[in-house]
Amino acid sequence: MKITLKDGSVKEYEKALSAYEVALDISEGLARAACCVKIDGEEADLRTIIGRDCELSVCTANDEEGLAAIRHTASHVLAEAVKNLFPEAKLAIGPSIDTGFYYDFDHEAFSRDDLDALEAEMKKIVKKGEKLEKFTLPREEAIAFMEERQEPYKVELIRDLPEDAEISFYRQGEFVDLCAGPHLMSTKGVKAFKLTSSSMAYWRGDSDKARLQRIYGTAYSKKEDLQAHLERMEDAKRRDHNRLGREMELFTTVDVIGQGLPLFTPKGTKMLMKLQRWIEDLEDKEWGYVRTRTPLMAKSDLYKMSGHWDHYKEGMFVLGDEEKDKEVYALRPMTCPFQYYVYKNTQKSYRDLPYRMSETSTLFRNEDSGEMHGLTRVRQFTITEGHLVVRPDQMVEEFKGCIALAKYCLTTLGVEEDVTYHLSKWDPENQEKYIGEPEVWNQTEQHIRDILIELEIPFVEDVGEAAFYGPKVDINAKNVYGKEDTMITIQWDALLAEQFDMYYVDQNGDKIRPYIIHRTSMGCYERTLAWLIEKYAGKFPTWLCPEQVRVLPISEKYEAYAAKVLKELRGRDIDAEADNRSEKIGFKIREARLARVPYMLVVGQQEEEEGLVSVRSRFAGDEGQKPLAEFIDQICREISTKEIRREEAPEENRQA
């Protein structure tokens, strides 16, 4: 057999060998570093027997797949440690994830002391260096095997598999776990790990099922890599919008109001208003949109017509009971069918298209309680929603325009380098989730693919992530913990115009079905604010700051001049405050810095006599004295251009 390696070289063997033996033949060093392999692009275990021609890549800890194998093995080491110290605990699932691994257990909550004890036990297990051995059992034997070990969650997982399935297990010493792999050859490969936290989780993510305890951890092949990761996690905690946004008094939540229903304080509200005014002016004045305002709820009839009732009802807040009530309403999870009727309000000709509608839309989605987090996933949110009704011959150029608008918004916010583009496609194996014929889906997906290639935008393709009525471009970003969320969507819809009897009159007087683009320009305001909090660690660009300037009189004698400065600043629409507390000026400066105010204007005798301000900034520290008018012109330019000014001075030079 011939095995083609990653570098294109070919190895020939007369008999079948394990992937590990092939790695050993290539290099002893490679075999020692190997964590798993890819055979013809498919991830596989080092124990896998290769008996045919194939392409082989050996994955080490430097590869994503290799690091995942280390972490997956670490999760099994954790599970063994839990069974050793808490034998009554029941095993659920324990996968590797982007930032490490977790394992779910049916057990009471784990304390930090418990995690420390489990880490110590894991070190003992790793030191033993037990080999991991894979074996399989027929389904019924596998069920009996796990029933004998009194692991009901594993039994449930096995029962969900086909009757003729061979069920794989991994054994390390006395510990055995249900698992498809891949894993390291022995526990000794888990060289650097840390248990980071624990939390409640629902079995299979279903709030109607058992409440479990999830232990999170991470693992690397080197202690240095682990330490670097832990430092990144500490920075992530400092930037976490859920903590920082509350500390900065931008938003809060209250149990009696409900989970996923944030309250925005005056500071947070001011930031959202700045974003909203910017987007609305941008769309209406520069991109040719008309603005609509539509109801927050509608009768179920509307959602049945659009298809949302059949495809999305579980995610909606329904008001009423179809069996009892004459009319049933639902809070809107989207704005598209409402805007369709705005379009239909008057007859349109081919000259009226494209007809670009936009709305600052408040939407409602019945998210599972376990899915909600801060501002990134909530039950009520507001988006920069728009729908473009276009002639088929306009579709490609208008779709490109929506991408251009989204990119402009990302660039202005300073986050354009942080996103990835995804072509979200339908799943042909699950056609009941969608409307329309396969040919339409294939054609529209190819159109989007061609657009992204033409615009030279790198993208990945995701099967099964399309809306039920059409494929889309999802622009995604990761939060500080590495979890990816969709920030902006642009959807191609060649189907819903038919269901709503939408048409335009062409040059021949015929009624023609238009196409529709569903899009957001900036996305969801709440999620965008969370993104910006984490991106800038609260040190926002000046134009977005709820407080842009703080005036600091050095004593009460100069409060009158401070008030004059404040009036002139506010007269130019600059968000400014004055700190007239009877505190030393050094204390006031430190307080302003902690509040992340971009500019501080210190005023005293000389400033009052000469019409000056002493400027201290978040960016360059002490900027010296300037005429007040000069400073105002400078900051107004910075605000109007939405400049993102970076910090220039070392921290010590910015001290009070």
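In this model, a donor atom of one side chain and an acceptor atom of the other lie less than 3.5 Å apart for Gln625 and Gln606. Tyr481 and Asp240 share a donor-acceptor pair across their side chains, judged by distance under 3.5 Å alone. Side chains of Thr384 and Thr520: no donor on one and acceptor on the other come within 3.5 Å. For Lys642 and Ser640, the side-chain atoms include no donor-acceptor pair closer than 3.5 Å. A donor atom on one side chain and an acceptor atom on the other are found under 3.5 Å apart for Glu623 and Ser617. A donor and an acceptor atom, one from each side chain of Glu638 and Thr542, are located under 3.5 Å apart. Donor-acceptor pairing under 3.5 Å is lacking for the side chains of Tyr289 and Glu359.
Taken from CD1 in Ile585 to OG in Ser614, the straight-line distance is 9.5 Å, to the nearest 0.5 Å. Separating the CD1 atom in Ile475 from the OG1 atom in Thr489 is a distance of 8.5 Å, to the nearest 0.5 Å. Summarising the geometry, atom CZ belonging to Phe459 is positioned 10.5 Å from atom CD1 belonging to Ile451; distances are rounded to the nearest 0.5 Å. To the nearest 0.5 Å, atom NZ of residue Lys400 and atom CG of residue Leu452 are 11.0 Å apart. Here the straight-line distance linking atom NZ of Lys535 with atom CG of Asp418 works out to 3.5 Å at 0.5 Å rounding. Within the model, atoms OG1 of Thr196 and CG of Leu230 stand 8.5 Å from one another, a figure rounded to the nearest 0.5 Å.
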Q) Given the rule in the side chain to side chain contact (heavy atoms under 4.5 Å, CB included) test, do Val415 and Glu417 qualify, once you have shown the distances and angles that lead to the verdict? A) CA-CA 5 Å; Val415 294; Glu417 295 180 355; over 6 Å; no
Q: Report the C-alpha separation of Leu275 and Tyr525 in whole Å, then their side-chain angles, then the decisive distance to 0.1 Å, and conclude whether the side chain to side chain contact (heavy atoms under 4.5 Å, CB included) test is met.
A: CA-CA 8 Å; Leu275 288 169; Tyr525 285 94; 3.8 Å; yes
**Q.** Worked check of salt bridge (charged side-chain N to carboxylate O under 4.0 Å, His left out) between Lys588 and Glu591
**A.** CA-CA 5 Å; Lys588 290 182 180 182; Glu591 289 280 291; over 6 Å; no
Q.
If you apply the rule side chain to side chain contact (heavy atoms under 4.5 Å, CB included), what do you find for Thr292 with Tyr343, and how did you get there?
A. CA-CA 10 Å; Thr292 68; Tyr343 173 85; over 6 Å; no
Q. Stepwise, does the salt bridge (charged side-chain N to carboxylate O under 4.0 Å, His left out) test hold for Arg239 with Asp235?
A. CA-CA 6 Å; Arg239 290 174 176 267; Asp235 182 60; 3.1 Å; yes
Q.
side-chain hydrogen bond (donor to acceptor under 3.5 Å, both in side chains), that's the test. Do Gln634 and Glu630 meet it? Break it down for me.
A. CA-CA 6 Å; Gln634 169 198 315; Glu630 179 185 327; over 6 Å; no
Q: Before giving the answer on side chain to side chain contact (heavy atoms under 4.5 Å, CB included), spell out for Val613 and Val602 the whole-Å C-alpha distance, their side-chain angles and the decisive distance to 0.1 Å.
A: CA-CA 6 Å; Val613 288; Val602 180; over 6 Å; no
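Counting only heavy atoms from C-beta outward, the side chains of Tyr421 and Pro458 never approach each other to under 4.5 Å.
Looking at residues two or more places apart in sequence or on another chain, you find a side-chain hydrogen bond (donor to acceptor under 3.5 Å, both in side chains) between Asp450 and Gln446. Looking at residues two or more places apart in sequence or on another chain, you find a ring pair (Phe, Tyr, Trp, His ring centres under 6.0 Å) between Phe500 and Tyr340, Tyr341. In terms of the salt bridge (charged side-chain N to carboxylate O under 4.0 Å, His left out) criterion, residue partners of Glu280 (sequence neighbours excluded) are, by chain and number, Arg291.
Without hydrogens or angle criteria, Tyr303 side chain to Ala330 main chain gives a donor-acceptor distance under 3.5 Å. Of the possible donor and acceptor atoms, one in the side chain of Arg365 sits under 3.5 Å from a partner among the backbone N and O of Pro333. Side-chain atoms of Arg572 do not come within 3.5 Å of backbone N or O of Cys636 as any donor-acceptor pair. For His518 (side chain) and Asp493 (main-chain N/O), no donor-acceptor pair under 3.5 Å exists by modelled atom type. Judged purely by atom type and a 3.5 angstrom limit, Arg379 has no side-chain atom pairing as donor or acceptor with the backbone of Asn366. Panel note: side chain Arg351, backbone Ser349; no donor-acceptor pair is recorded below 3.5 Å. Between the side chain of Tyr599 and the backbone N or O of Arg618, no donor-acceptor pair lies under 3.5 Å.
Judged by a 6.0 Å distance limit and a 45° cone about the ring axis, Arg332 is positioned over the six-membered ring of Phe338.
Pairing each heavy atom of Pro546 with each of Met271, the nearest pair is CD-CG, 3.7 Å. Nearest heavy-atom pair across Thr486 and Arg527 is O-NH1, 2.7 Å. Across all their heavy atoms, Pro262 and Thr253 have their closest contact at CA-CG2, 3.9 Å. Of all heavy-atom pairs spanning Tyr558 and Val603, the tightest one is CB-O, 4.1 Å. Minimum heavy-atom separation, Ile488 to Gly523: CG1-N, 4.1 Å. Across Ala562 and Val551, no two heavy atoms sit closer than the pair CB-CG1, 3.8 Å.
For Phe468 and His308, the gap between ring centers is short of 6.0 Å. The ring of Tyr504 has its center no closer than 6.0 angstrom to the ring center of Tyr350.
A salt bridge links Asp485 with Arg377: the distance from a Lys NZ or Arg NE/NH1/NH2 to an Asp or Glu carboxylate oxygen falls below 4.0 Å. Classification of Asp474 and Lys472 as a salt-bridged pair holds, one side-chain N sitting under 4.0 Å from a carboxylate O. At a threshold of 4.0 Å, the pair Glu398-Arg356 counts as salt-bridged, since one of the basic side-chain nitrogens sits closer than that to a carboxylate oxygen. Between Glu547 and Arg550, at least one side-chain nitrogen of the basic residue sits less than 4.0 Å from a carboxylate oxygen of the acidic one, meeting the salt-bridge criterion.
Applying the salt bridge (charged side-chain N to carboxylate O under 4.0 Å, His left out) definition to pairs two or more places apart or across chains, those involving residues 252-271 are Lys270-Asp575. Within the structure, salt bridge (charged side-chain N to carboxylate O under 4.0 Å, His left out) contacts touching residues 556-570 (residues at least two apart or in different chains) are Arg570-Glu577.
Partner of Ile517 under the side-chain contact (heavy atoms from CB on, under 4.5 Å) criterion, out of Gln491, Met395, His387: Met395 alone. Screening Gln339, Glu283, Glu385 for a side-chain contact (heavy atoms from CB on, under 4.5 Å) with Met357, the sole residue that qualifies is Gln339.
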Which pairs of donor and acceptor atoms, one on a side chain in residues 401-411, lie under 3.5 Å apart (sequence neighbours left out)?
| from | atom 1 | to | atom 2 | distance (Å) |
| --- | --- | --- | --- | --- |
| Thr411 | OG1 | Lys407 | O | 2.9 |

